[in-house]
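Counting starts at 1 for both ligands and their atoms, following the listed order. No hydrogens, no waters, no symmetry mates; every other heavy atom, side chains included, goes into these values.
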Amino acid sequence: MKVTIGSDHGAVALKEEVKMVLKEFADIEIHDVGTFGTDPVDYPEIAAKVCNEIVTGISERGILLCGTGIGMSIAANKIKGIRCALCNDVYSAKMSREHNNANVLALGGRVLGFGPADEIVRAWLTTDFSGAARHERRLHKIANLEC
Ligand code: RB5
């Protein structure tokens, strides 16, 4: 599975830590679109880079990080085909996959320490969409809301 990851300046350190987790999965290929330093960048540009790789099929999943994860998740969910979940706990991460089939995970570099982020990322990567008809139906209704 290919995973595209990106952050703004508010979460560069957590991005590097999340990449360490991703590297433990033999079947995961990582594409890091940046940013790579602490100079301020605008998070919608990073969100667009990551999400474009998801909607064009280059990558299966995306991980976005900013200070809170909020800006990234708002920006990502503007893009047709993206279901981005901002998760600060493991339960939400699992549910975002099982019920919402989230294809992008957002994390807050100024919110989460590495320990919780590590557990959230592992849970999100290893939980499958349930495929239940009721969840498919609801996702279809979300897709119908897209402009
Ligand atoms: C950047 O200072 C900050 O606004 C950004 O990282 C993010 O938290 C926005 O939601």
Starting from the C-alpha separation in whole Å, work towards a yes-or-no answer on side-chain contact (heavy atoms from CB on, under 4.5 Å) for W124 and L107.
CA-CA 12 Å; W124 190 74; L107 300 170; over 6 Å; no
Please tabulate, one line per pair, the protein nitrogen or oxygen atoms found under 3.5 angstrom from a nitrogen or oxygen of ligand 1, with distances to 0.1 Å, or say none if there are no such pairs.
unit_1	atom_1	unit_2	atom_2	d
ligand 1	2 (O)	R110	NH1	3.4
ligand 1	6 (O)	D8	OD1	3.4
ligand 1	6 (O)	D8	OD2	2.6
ligand 1	6 (O)	G67	N	2.7
ligand 1	8 (O)	G67	N	3.2
ligand 1	8 (O)	T68	N	3.0
ligand 1	8 (O)	T68	OG1	3.2
ligand 1	10 (O)	T68	OG1	3.3
ligand 1	10 (O)	G71	N	2.8

K49 atom NZ, over 12 foreign heavy atoms within 6.0 Å:
no
For H31, all residues meeting ring pair (Phe, Tyr, Trp, His ring centres under 6.0 Å), sequence neighbours excluded:
none
I need the single residue from T4, V3, I5 that forms a side chain to side chain contact (heavy atoms under 4.5 Å, CB included) with D32. Which is it?
I5
Taking everything shown except K19 itself, do over 12 heavy atoms lie less than 6.0 Å from its NZ?
yes
State plainly whether the residues E119 and R122 are in salt-bridge range, i.e. N to O under 4.0 Å.
no
